[in-house]
*Asks:* 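One structure is given below, represented as structure tokens, and several questions about it will come after.
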Amino acid sequence: MGTVLEMMRPLALAFAATLTVAACGNDPESFVGARVLQSSLAEQTKGLTKRKAAAPAPVQVTRAALATVETPVILMTVESRGQHALIAEVADNLGVQTWSTVDDVTVSMKNGVVVATRGFGADLMAASVPNPAVLQSAAKSYGRIHTYLDGTDRAVQMNFTCNVTNLGAQAIEVVEIVYQTRHVSETCTGNGIEFTNEYWLDGSAHIRKSRQLVSQDAGYLVIEDLRR
Amino acid sequence: MNLRRNMQRVASLVAMGLMATGAGAETRPTLNFYGATGLIDMPSAEMQPDGLLTITSGHFGPVSRTTLSFQITPRLSGSFRFLGIRNWNRFSSCQPSCSSAGGIEAFETYYDRSFDLRYQILDEGKYLPALAIGLQDFVGTGSIAGEYLVATKHVTPDVKVSAGLGWGRLGSYSSIGSPLGDRPKLVIGKGGNFNFDQWFRGPAAPFAGVEWQVNDAWTVKAEYSSDNYTEEAGNRRTFDRRSPFNFGVEYQRNENMRLGAYYMYGSEVGFAAHFILNPKKRPGGGIATSAPDPIERRPSRQADPEAWSSDWLAQTDAGSILRTNLAKRLEDDGILVDGISYNGSTAVVRIRNPRLDAEAQAIGRTARAMTKVMPASVEQFEIVPVVNGMPVSRVVIRRSDLEALEFDPQGAEKLLERVSIVSAPATMRDGFNDPDAFPKFTWSVGPYARLRLFDQNAPFKAGVGLRANAKYEVAPGLILSGSVTKLLAGNLDDRPPIPGRKLQPVRSANYFYDSLGDPALETLALAYYRKLGPEVYGRISLGYLERMFGGVSTELLWMPTNRRWAIGAEVNYVAQRSPDQKFGFTLPAEMYDTDACGLAGQSACASPSSYRVLTGHVSGYYRFNNGFHAQVDVGRYLAGDIGATLSVKREFENGWKVGAFVTKTNVSAADFGSGSFDKGITIEIPFAALTGKPSRQQRSSVLRPFGRDGGQRLEVEGRLYDTVRDYRESGLDEQWGRFWK
């Protein structure tokens, strides 16, 4: 037993070697694993603040530090990795603002609800989402559409049916400031998937904090609005 | 084991299957020792998910099988297998001097290759079972040939029962007679022929089995095998077949790996490992690229009339400033901006994309960058991808569509409807060109692997080493490139048996090329590419074109717009290179050595000291609308033989390609040698699919059961069809979803 396996070993090693060992040179075609990109989520969202997943403790972002930042910022946490990044607005296309980390990971939001992400790998390509008024009223179910790319790069629209549950008033702290908010959860089902987004809305129906799904593979983002 | 008792057990298993009602197919279709969907040694009527590629390595007692299987369509699957049986001549009458016995008796381990095809006739229904028909080892020596008809039905959501009737080796134990007539004796010859008259003839025997998927990870299996192992167990006593019953337990380690342990035929322990690749899935769920530029929406004309002014047109350095700004934005994606031209409302940008695997993504990122850079009055963007100096197509996009559809859930489809993709003109060099684009020198050093498969005495030989590539782009389309290799480790130096031959060893001297050419000048050639008309492409290559041949290669390709077909012609005049792969074309007598001549005590081989040949083909290409692609090449091959090649590939949008080819030339089966004619399997795996990072590199493998000299083509780099087609409409459409990524 094992003869064929033994013979396969050099084959496997050789194959693995050519795949995993990065080439070097100045030819852009040859940069397989080297410079091209910070591949994984882990690498992509680092560069700002990095923390362990288990620690829900506040980041070392303080109001004092924020005072030195000129552009308005949002604190984004990639839940599955426990990584934090400050994001700043870089574009506005008809009410959809795109916010970016310094290392080119972006989240686009309409009235605080995520409609697209880039740089996460398994990105949310586009979405049709509820506005905060719908989240507040929570009268009946409504539809949500998420567009993802499948493994062959086709854009696939996934339809979900969502319901909002009012979880009552809650005081939350966002970097040293306490806000009185209404805690609302949005549960969506469809395509054999169920996910729950959460929102904390302040008195003027502004989403102060939220936890929203990017995709099955990339998981949830926690978004905290640090603007005054 | 007596026949009646076995038959009763089979009957009760089948009865269980028939009693079953309403149980849905909820279990995973698993693989057997042959790498076919099935039980342990027996097949089932299930199919794998469409497009799945699996590698199975199964071993019990003296038997080892390594199988590559592909779910060609939802109902059709095929396999290519390499098998070895140890102790082959241990109890043979030729002992103790079997090594000199010659023929099949000389092998301590018997190796063979085989092809299978299976077709699912019926899906499993509420009451009806799934039904499949299969041909195992249906071409060639037929040493493990068997045919079957099998049914599979779930009796509970977790338990399925299979029962079938086998012929050939699957009808060799407890047969019920020969329902479809006698099986004629197999005339093997040089192998490689379809054994039509054998199929479903001779004794037939029933087989059955049951499979219980305990949970997502664990499965237990039991089967009654109709394979008597007459040759292996009976005649050659390589193992003791005591019982027709096999039992196994399997563990699904993850999506890509399944392991199994078995108790086989009442005497042997077996194990199997299955590696599962799904071309339709990406690791991590998506390609990891950094975020693109967001679309920059222009201010309205009323709000900012100055932004809309066309004063910039009068500015003499506007073109070079715009080009430079665009190039800076696209630098991180590896996209090169060769040049731009414009008038007040239209801007034309020529780009090269050496990195992004999805061509549509390169177009999308260029369009996004243009919204940032171009003055507001420019409404029409024309993006022209250029490959090897040839402008391939013109992608015309309205800027307002980009602004409107950036966050539309149907943005990809809607934009594709509004975009026009047409053939680019033959030359486009006007406007503002990148002054640093040419000449340009690039180089890289990386690892490489060389495999020698199916060497007779070892199924795989491999070497790993370093390859240095250099490329000097003198002017658009004029490229001097070369590569040098140095082996670092491996067993390519082991001399395999080299059967006698009748043709010039255009390929079968590969052992000498492997062992003498280290380091080797693999290629060194000057190539000139040029578009001769909007739909006609041309190429001339001159130099050391591949490791075995050098000379001149010329090619023309006609690719009409919006057609599924293309026609090309290639004419080459080449000489065979010395196996040391330096600069010479002198062929040493040594490289003609075979097992029949040239060695000590044998007569010398015919050994011309040089070999030149005029070789070329007319090629037709056709892209079916279901992901299949066909190519026919008719012409003269390297050994001077004349014939045709048919290749069919299943192409996935993300770049995976799995195909098969056959070549028949005027070389007789006897002159060709083992295998009778050239055939094989091709697999192309894009690096991007494995690493999740963008790369245009890919790994292509060709598996030939018998590598001989008939029907061999020149392997020249830069053949036009595959060079340009990714950037044409059909190529861009395939991964259009990536436009917005």
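So you know, we letter chains A, B, ... as the sequences are listed, proteins then strands, and number each from 1.
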*Asks:* Taking the six-membered ring for Trp, are the ring centroids of B:Phe82 and B:Tyr111 within less than 6.0 Å of each other?
*Replies:* yes

*Asks:* Can you label the angle between the A:His146 ring and the A:Tyr148 ring as parallel, tilted or perpendicular, going by 30° and 60°?
*Replies:* perpendicular

*Asks:* Is the shortest side-chain N to carboxylate O distance from B:Arg696 to B:Asp726 below 4.0 Å?
*Replies:* yes

*Asks:* Heavy-atom pairs under 4.5 Å with chain B - which of A:Val115, A:Leu149, A:Thr106 has more of them than the others?
*Replies:* A:Leu149

*Asks:* Tell me, side chain or backbone of B:Arg282 under 4.5 Å from chain A's heavy atoms, or both, or neither?
*Replies:* both

*Asks:* Could you check which of A:Ser100, A:Ala116, A:Ser108 has the highest count of heavy-atom pairs closer than 4.5 Å to chain B?
*Replies:* A:Ser108

*Asks:* Need one label for A:Ala127: side chain, backbone, both or neither, based on atoms under 4.5 Å from any heavy atom in chain B.
*Replies:* backbone

*Asks:* Checking salt bridge (Lys or Arg N to Asp or Glu O under 4.0 Å) against A:Asp153, which of B:Lys741, B:Lys281, B:Arg738 comes through?
*Replies:* B:Arg738

*Asks:* If you count heavy-atom pairs under 4.5 Å with chain A, which of B:Pro409, B:Pro294, B:Ala360, B:Gly465 comes out on top?
*Replies:* B:Pro409

*Asks:* If we ignore angles and hydrogens, is there a donor and acceptor under 3.5 Å between the side chains of A:Gln212 and A:Glu79?
*Replies:* no

*Asks:* With a 4.5 angstrom heavy-atom cut-off, which part of B:Asp408 approaches chain A: side chain, backbone, both or neither?
*Replies:* backbone

*Asks:* For A:Thr98, is it the side chain, the backbone, both or neither that has a heavy atom under 4.5 Å from a heavy atom of chain B?
*Replies:* side chain

*Asks:* Which atoms of B:Gln735 come close to chain A, meaning under 4.5 Å heavy atom to heavy atom: side chain ones, backbone ones, both, or neither?
*Replies:* both

*Asks:* Under the ring-ring contact (aromatic ring centres under 6.0 Å, His included) criterion, do B:Phe60 and B:Tyr262 qualify, and how do the steps go?
*Replies:* CA-CA 8 Å; B:Phe60 74 89; B:Tyr262 309 88; 9.2 Å; no

*Asks:* Check whether B:Gln410 gets within reach of chain A through its side chain, its backbone, both or neither, counting any heavy atom under 4.5 Å.
*Replies:* both

*Asks:* Under 4.0 Å between a side-chain nitrogen and a carboxylate oxygen: does that hold for B:Glu296 and B:Lys372?
*Replies:* yes

*Asks:* Out of A:Asn93, A:Val96, A:Asp123, which one racks up the most heavy-atom pairs below 4.5 Å with chain B?
*Replies:* A:Asn93

*Asks:* Are any of the side-chain nitrogens in B:Glu406 or B:Arg368 under 4.0 Å away from the carboxylate oxygens of its partner?
*Replies:* yes

*Asks:* Which one of B:Ala470, B:Ala412, B:Pro292, B:Ala489 has the most heavy-atom pairs closer than 4.5 Å to chain A?
*Replies:* B:Pro292

